[in-house]
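Numbers restart at 1 for each chain; the letters A, B, ... are given by sequence-line order, proteins then strands. Quick caveat: nothing in here was measured; it's all calculated off a predicted structure.
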Protein chains: 2
Amino acid sequence: MDAMDRKILARLQADSRASLQEIGAAVGLSASPCWGRIKKLEEAGVIEGYTVRLNPQALGLSDTVLVQVTLDSHSDNTLEKFGEVLATIPEVVEAHLVSGDYDYLLRIVVKDTRDYERLLREKLYKIRGIRHSRSSFVLRTLKKADLPLHGTPP
Amino acid sequence: MDAMDRKILARLQADSRASLQEIGAAVGLSASPCWGRIKKLEEAGVIEGYTVRLNPQALGLSDTVLVQVTLDSHSDNTLEKFGEVLATIPEVVEAHLVSGDYDYLLRIVVKDTRDYERLLREKLYKIRGIRHSRSSFVLRTLKKADLPLHGTPP
DNA sequence: TGTGAAACTAACTGGGG
DNA sequence: CCCCAGTTAGTTTCACA
């Protein structure tokens, strides 16, 4: 993992379909060493996969909701169970255990507020062990950026 | 945007480097119509771009922090200014204006807690107009999933 | 709209500096 | 390690159903 690798990753974050020639030109290398470095980064698990950036609005997914959740118990078992239930709800696209005055933060993506109300009633409120939850709707996204790859390497 | 398009998008979300043959096989189509549909989805802005999924830990970015921010003023101008400042801080990878009892949620990615302390002191605390902020460290990520593409189309 | 084949372009492999 | 040239695989175009 040197500066060249980080340049390549930055280019791939911006556009993972850039050809090896383009990447090479961008970082000052020819295509084959870029290819080798990328393969190494894949094998090392630095690159976990390749995806598309989709526009949720265009897909009819207009609302994203951030839900703060506090559970009754903090046992290993509760966390495990909670994770399992969340895994079965497709609208829950992210779930984090966090420090601070609540326990979990969920990111939920839905069509509209009606859809969210339905989800709350039919799925979230049925989960046992939730002491408290608080929903915040995302009204506007000010920034959505790639990972910062400029710091010194590990 | 029909069911076929959604199948193709689901496949691309899982692996955007799958060949058109693979995608075609997965959705029950030959390569060329898949290509045409993908081009259409790009032009329509449904597909915004192609990226890599990176492992932040492997890049030396071990901590992600969710920061709740409340500003002094709620004017258009304040929002604008705040957005501009955030745009210049690479560690801030996401910033959302949200409803509820705080105003913004920031997602910040840093090397470690020392690095976060430095960021707080040198960057965030220097932003004028912040009334209050509260940091939560992500201790564990229970789920990180693709967008749900099963609902009925727009 | 979809299929299948032809033309083109990019990804991969190996020899040499 | 990197560059360059050859081989293989994938993408893009097009005529036809």
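DNA chain D is contacted by B:S32, B:W35 of residues 24-46 of chain B, taking any non-hydrogen atom closer than 4.0 Å.
A salt bridge links A:E117 with A:R121; the closest basic N to acidic carboxylate O contact falls under 4.0 Å. Between A:D15 and A:R53 there is no salt bridge, since none of the side-chain N atoms of the basic residue sits less than 4.0 Å from a carboxylate O of the acidic one. A salt bridge links B:E42 to B:K39: at least one charged side-chain nitrogen sits closer than 4.0 Å to a carboxylate oxygen.
In this structure, B:M4 atom CE and C:dT1 atom P are separated by 12 Å, rounded to whole Å. Across the protein-nucleic acid pair, A:I8 atom CD1 and C:dA11 atom P stand 13 Å apart, rounded to whole Å. In this structure, CG of A:L20 is placed 12 Å from C1' of C:dT9, rounded to the nearest angstrom.
Using a 4.0 Å cutoff to heavy atoms of chain A, the contacted part of DNA chain D runs 5' to 3' from D:dC2 to D:dC4.
No option in B:V67, B:V109, B:T64 other than B:V67 meets the side chain to side chain contact (heavy atoms under 4.5 Å, CB included) test with B:Y116. When each of B:V85, B:V69, B:I108 is tested with B:L124 by the rule side chain to side chain contact (heavy atoms under 4.5 Å, CB included), just one qualifies, namely B:I108.
By the rule that hydrophobic residues join a cluster once side-chain heavy atoms approach within less than 4.5 Å of another member, B:Y102 and B:I130 end up as members of separate clusters.
For the pair A:D146 and B:V93, the minimum side-chain heavy-atom distance is 4.5 Å or more.
Aromatic pair A:Y50/B:Y50: centroids not less than 6.0 angstrom apart.
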